[in-house]
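What follows is a single structure, written as structure tokens, with notes after it.
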Amino acid sequence: MSEVDLLVLYDIGVVSTKEPFKCVINQGIILGEVQYTTCKDDKGNLISADSAYEQPEYNQEKIPEEKVMRSGDFFVLKDNPNIRLIARAHKMSKTRGNVINPDDVVLEYGADSLCLYEMFMGPLRDSKTWNTSGIEGVHRFLARSWRLIVSSTSPTGSYPDGTSIVDEKPSIEQLPSLHRCIDKVNEEIEGTRFNTGISAMMEIINAAYKADAAYLKESTVVLPVQINGKTRGTIQVEETCTEEEAFRLPSLDTKLSKFLDGKSIRKRIYVQGKILNIVIDAQKKVKVAQE
């Protein structure tokens with residue numbers, strides 16, 4: 001629909017506004033991946049980019065990324081860190097051979113990864129440089145989010161029915177992170193700062209995977225039970241089990257109760273989470289004289 005069509009519809013009362021949108025946002029262009037070039041003098045010797053202007057003539061040669069490393073604010077050769085390189089991202093064009101075909105990206109990473117990465121690259125209005133390793137990171141984020149909710153695949157490659165989430169209230173520890181994320185995402189969407197909104201979602205997913213050590217620790221322990229110095233069995237108790245509760249359990253255990261029934265307990269020793277020791281009075285053997 002053209003602007004003229006909309007004005008006609010406005011004049012006859014079909015629509016309530018003269019403009020189809022509230023505002024216009026000019027998005028920045030996406031540049032090709034950074035290309036690295038080195039400089040050579042007229043004899044073919046490598047020269048650092050910062051001193052190339054001193055040469056009457058010099059040639060440039062493309063360098064593959066695997067031979068490049070960062071040194072402070074600059075890029076240099078891995079084999080010769082004294083040689084500073086020219087690092088520049090150009091507008092995508094067939095002439096430069098730096099065109100990224102979105103169909104190829106969708107085929108390898110999926111459309112969701114491509115759309116999310118384009119929003120994550122930087123501020124919407126700024127020009128941004130494409131980086132294939134960046135979309136790999138976004139793809140991993142989506143995969144982690146999927147596994148967190150749906151669970152991992154089975155050995156056969158299939159997913160379980162339903163999801164692994166439960167309809168429960170967040171814990172006290174989770175609530176601050178959750179509400180900070182909600183507030184941040186809402187604020188950044190309003191300001192068209194989608195990249196920082198996505199960062200907030202990445203942070204809360206990372207937080208969800210970082211389990212509290214206190215919750216990973218078993219709440220129960222297996223307690224050995226000694227009777228007159230000999231280990232007669234074990235009982236399973238809460239780690240914070242009280243002394244009274246610990247001494248009650250052996251009498252309910254079929255294996256241990258036979259050592260205690262009808263016996264007089266002279267002493268009991270309880271070390272929380274470690275051991276339970278019961279000392280009973282030894283029964284004297286009485287000989288009956290035969291007539």
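One N or O on the side chain of H139 and one on the backbone of Y109 form a donor-acceptor pair closer than 3.5 Å. Q272 places a side-chain N or O within donor-acceptor distance of the main-chain N or O of C241, the cut-off being under 3.5 Å. No donor-acceptor distance shorter than 3.5 angstrom exists from the side chain of D50 to the backbone of R84, with no hydrogens or angles considered.
With ring centers used as reference points, W146 lies 6.0 Å or more from F141.
Between L46 atom CG and E61 atom CD the span is 7.5 Å, to the nearest 0.5 Å. In this structure, OG in S145 is found 10.5 Å from CD1 in I204, a value given to the nearest 0.5 Å. Between atom CG of residue D126 and atom CG of residue L124 there is a gap of 9.0 Å, rounded to the nearest 0.5 Å. Rounding to the nearest 0.5 Å gives a distance of 8.0 Å between CG of N228 and CG of N277. From S127, atom OG reaches atom CG of L31 across 5.5 Å, with rounding to the nearest 0.5 Å. Separating the CD atom in E243 from the CD1 atom in I269 is a distance of 10.0 Å, to the nearest 0.5 Å.
Under the 4.5 Å side-chain heavy-atom criterion for Ile, Leu, Val, Met, Phe, Trp and Tyr, L116 and I189 are members of the same hydrophobic cluster. V76 and V68 fall into different hydrophobic clusters, where Ile, Leu, Val, Met, Phe, Trp and Tyr residues are linked whenever their side-chain heavy atoms come under 4.5 Å apart, directly or through other members. Under the 4.5 Å side-chain heavy-atom criterion for ILVMFWY residues, a single connected hydrophobic cluster contains both V99 and W130. Follow the hydrophobic side-chain contacts under 4.5 Å out from V271 and you never reach I235; the two are in separate clusters. Cluster annotation: L276 and V279 are assigned to distinct hydrophobic clusters (Ile/Leu/Val/Met/Phe/Trp/Tyr, side-chain heavy-atom contacts under 4.5 Å, transitive).
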Quick one, R88 with Q35, criterion side-chain contact (heavy atoms from CB on, under 4.5 Å). Give me CA distance, side-chain angles, the key distance, then yes/no. CA-CA 6 Å; R88 184 179 176 185; Q35 295 181 342; over 6 Å; no

### Query
Taking it one step at a time, do L252 and S257 satisfy side-chain contact (heavy atoms from CB on, under 4.5 Å)?
CA-CA 6 Å; L252 303 176; S257 60; over 6 Å; no

Practice prompt. Using the ring-ring contact (aromatic ring centres under 6.0 Å, His included) rule, take Y36 and F75 through it: C-alpha gap first, then chi angles, then the decisive distance, then the call.
Written response: CA-CA 8 Å; Y36 305 96; F75 292 91; 5.2 Å; yes

(message) Does M121 form a side-chain contact (heavy atoms from CB on, under 4.5 Å) with I30? I'd like the steps, not just the answer.
(response) CA-CA 9 Å; M121 290 176 72; I30 297 178; 3.9 Å; yes

query = Given the rule in the side-chain contact (heavy atoms from CB on, under 4.5 Å) test, do K263 and D281 qualify, once you have shown the distances and angles that lead to the verdict?
reply = CA-CA 7 Å; K263 306 295 191 304; D281 288 330; over 6 Å; no

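Looking at heavy atoms from C-beta onward, L223 lies out of side-chain contact with T234 at the 4.5 angstrom threshold. For the pair T37/I63, no side-chain contact is recorded, criterion being any heavy-atom separation below 4.5 Å from C-beta on. Side-chain atoms of D41 and Y58, non-hydrogen and from C-beta on, never get closer than 4.5 Å to each other. Side-chain contact between I83 and I47 is absent, with no heavy atoms from C-beta onward closer than 4.5 Å. Side-chain contact check for V185 versus M201: some heavy-atom pair is nearer than 4.5 Å. Put simply, the side chain of D183 does not reach to within 4.5 Å of the side chain of R180, judged on heavy atoms. Side chains of I182 and L178 form a contact here, defined as non-hydrogen atoms less than 4.5 Å apart. Counting heavy atoms from C-beta outward, F247 and I278 have side chains that approach closer than 4.5 Å.
Atom CD of E187 is surrounded by more than 12 heavy atoms from other residues, nucleotides or ligands within 6.0 Å. Sparse packing is recorded around NZ of K67, with 12 or fewer heavy atoms of other residues, nucleotides or ligands lying under 6.0 Å away. More than 12 heavy atoms of other shown residues, nucleotides or ligands fall within 6.0 angstrom of atom CG in D261. The number of heavy-atom neighbours closer than 6.0 Å to CZ of R268, taken from other residues, nucleotides and ligands shown, is above 12.
Across all their heavy atoms, P250 and L260 have their closest contact at CB-CD1, 3.8 Å. The minimum heavy-atom distance between L148 and A208, with the atom names listed, is CD2-CB, 3.7 Å. Nearest heavy atoms, K78 versus E66: NZ-O, 3.0 Å. The minimum heavy-atom distance between Y117 and G134, with the atom names listed, is CE1-C, 3.5 Å. Across I100 and P102, no two heavy atoms sit closer than the pair O-CD, 3.3 Å. What you find for A49 and C39 is that their closest heavy atoms are CA-SG, 4.2 Å.
Evaluated for a side chain to side chain contact (heavy atoms under 4.5 Å, CB included) with I29, the options K91, K128, M92 yield exactly one hit, K91.
Look at R248 and E244 and you find no salt bridge, because none of the NZ, NE, NH1 or NH2 atoms lies under 4.0 Å from a carboxylate O.
T192 and R125 share a side-chain donor-acceptor pair at under 3.5 Å.
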